[in-house]
There are 2 protein chains.
Amino acid sequence: MKIQELADKMGLTIHTIRFYEKEGLLDNRHVRRESNNYRNYSEEAIERLKLIKKFQSIGCSLAELKEALQDHDTNSRTNLQIIDWIQGKKEEIERKKQEYDQMLDTLNKMLEYRTLLMNDPQKAEEMLRNWHTGSSD
Amino acid sequence: MKIQELADKMGLTIHTIRFYEKEGLLDNRHVRRESNNYRNYSEEAIERLKLIKKFQSIGCSLAELKEALQDHDTNSRTNLQIIDWIQGKKEEIERKKQEYDQMLDTLNKMLEYRTLLMNDPQKAEEMLRNWHTGSSD
DNA sequence: GCTTGCCCTAGAGTTCACTTCATAGTTTAT
DNA sequence: ATAAACTATGAAGTGAACTCTAGGGCAAGC
């Protein structure tokens with residue numbers, strides 16, 4: 001299979017696929033060269049790219065991905081280590097979610113204030129005063 | 001107040017402050033030049049940086065920030081427009097949270113599978129088969 | 001008057017995950 | 001035979017928000 005065909009199948013551009021190869025995410029199980037130097041992809045390449053997409057979908061950077069794929073290839077991690085890794089990832093994402101929650105808190109307070117400002121400017125003033133005591137701005 | 005003092009007060013680096021100025025986030029209400037060309041910051045600069053931080057804390061890019069600050073300076077938006085904007089921001093953040101939720105879903109499934117693999121490999125096999133039907137990988 | 005430690009500028013470097021470009025060889029269709 | 005469409009390479013560009021460097025000018029203490 002040539003590069004454009006693979007790209008179409010996977011919903012990627014040929015540039016991205018070559019980029020992944022350069023980054024060491026694909027090896028000779030996935031790509032070989034024809035006599036004219038064109039890349040020829042095996043079926044395994046499809047599985048590989050699916051795996052790459054899966055790792056990306058759980059928030060992995062390409063650097064992490066590379067490591068994970070190497071471990072995957074060499075079977076070099078125990079189930080327990082993998083479980084640990086998953087839990088670490090989960091915590092990482094929980095933290096990011098919490099950051100967003102804080103943003104939402106702030107936005108909700110702003111919204112409350114602005115709404116009050118339309119309906120009852122006096123109470124809005126009060127709210128502003130209470131808000132000032134104990135936080136920034 | 002000189003730049004290092006302001007940086008210390010605000011928990012920023014002098015580079016960041018100069019960068020903000022270059023980006024048009026600070027103007028002559030906040031910085032003036034001394035005879036030796038050193039920047040001299042007013043108290044308003046502190047408020048300005050606090051405001052910048054607040055906008056950042058609710059997930060604004062510097063580009064958005066710039067716009068928001070201009071509106072803030074010129075008082076050019078009605079309360080209703082601001083409420084709309086806040087709601088838009090909220091939706092944006094909710095969407096990002098949902099992406100993280102999807103990641104967590106996937107991670108939880110992986111975790112479940114890996115845990116089962118330790119305790120009951122046969123059931124884990126089953127799970128894998130069921131998982132395959134209806135999704136990728 | 002010398003060192004240390006601020007301050008200035010313009011511009012380059014960083015990270016990430018691509019994307020685009022310039023240039024050139026190969027294959028396919030007409 | 002020639003044009004269109006594909007392939008290859010290495011290198012540069014993108015965007016966001018800084019961060020750092022080089023090369024220089026002031027300032028304060030001894």
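Treat the numbers as computed from the prediction; the structure is a model and nothing was measured. First the proteins, then the strands, lettered A, B, ... as listed; each starts at 1.
- Summarising the geometry, atom OH belonging to A:Tyr20 is positioned 9.5 Å from atom CG belonging to A:Leu26; distances are rounded to the nearest 0.5 Å.
- Within 6.0 Å of CD on A:Gln122 lie no more than 12 heavy atoms contributed by other residues, nucleotides or ligands.
- We find the CD1-OH distance between B:Ile58 and A:Tyr100 to be 13.5 Å, quoted to the nearest 0.5 Å.
- If you take CD1 of B:Ile17 and C1' of C:dC6, they are 14 Å apart, rounded to a whole angstrom.
- By the 4.0 Å N-to-carboxylate-O rule, A:Glu21 lies close enough to A:Arg39 to be salt-bridged with it.
- Counting non-hydrogen atoms under 4.0 angstrom, B:Glu5 reaches nothing in the nucleic acid.
- When the C1' atom of C:dA12 is taken as reference, atom CZ of B:Phe19 falls 14 Å away, rounded to whole Å.
- Comparing the end axes of the helix from C:dG1-D:dC30 to C:dT30-D:dA1, each fitted to five base pairs by superposing C1' atoms of four pairs onto the next four, gives an inter-axis angle of 20° (nearest 10 degrees).
- The NE2-P distance, from B:His15 to C:dA10, rounds to 16 Å in whole Å.
- Put simply, the side chain of B:Lys53 gets close to the backbone of B:Met10: a donor and an acceptor are under 3.5 Å apart.
- Within residues 21-43 of chain B, the residues that have a heavy atom under 4.0 Å from DNA chain D are, in order of number, B:Asn36, B:Tyr38.
- Atom CD of B:Gln81 sits in a crowded spot, with more than 12 heavy atoms from other residues, nucleotides or ligands closer than 6.0 Å.
- Partner of A:Glu92 under the side-chain hydrogen bond (donor to acceptor under 3.5 Å, both in side chains) criterion, chosen from A:Lys90, A:Lys89, A:Arg95: A:Lys89.
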Test log, rule side chain to side chain donor-acceptor pair (under 3.5 Å), inputs A:Arg114 and B:Asn79: CA-CA 7 Å; A:Arg114 290 286 168 180; B:Asn79 214 23; 3.1 Å; yes
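- Across the protein-nucleic acid pair, A:Arg18 atom CZ and C:dA17 atom C1' stand 16 Å apart, rounded to whole Å.
- Each of A:Ile3 and B:Ser61 was assigned the nucleotide of DNA chain D with the nearest heavy atom; the assignment lying further toward the 5' end belongs to A:Ile3.
- Between A:Glu5 and A:Lys9 a salt bridge is recorded (basic side-chain N to carboxylate O distance below 4.0 Å).
- A:Tyr38 and A:Val31 are assigned to two separate hydrophobic clusters, defined by single-linkage of ILVMFWY side chains at heavy-atom distances under 4.5 Å.
- A close approach under 4.0 Å does not occur between any side-chain nitrogen or oxygen of A:Thr13 and OP1 or OP2 of C:dC18.
- Taking 4.0 Å as the cut-off between side-chain N and carboxylate O, A:Lys2 and A:Asp8 do not count as a salt-bridged pair.
- Side-chain nitrogen and oxygen atoms of B:Gln4 include none within less than 4.0 Å of the OP1 or OP2 phosphate oxygen of C:dC8.
- From the 5' end on, the contacts that DNA chain D makes with chain A at under 4.0 Å to a non-hydrogen atom open and close at D:dC6 to D:dT9.
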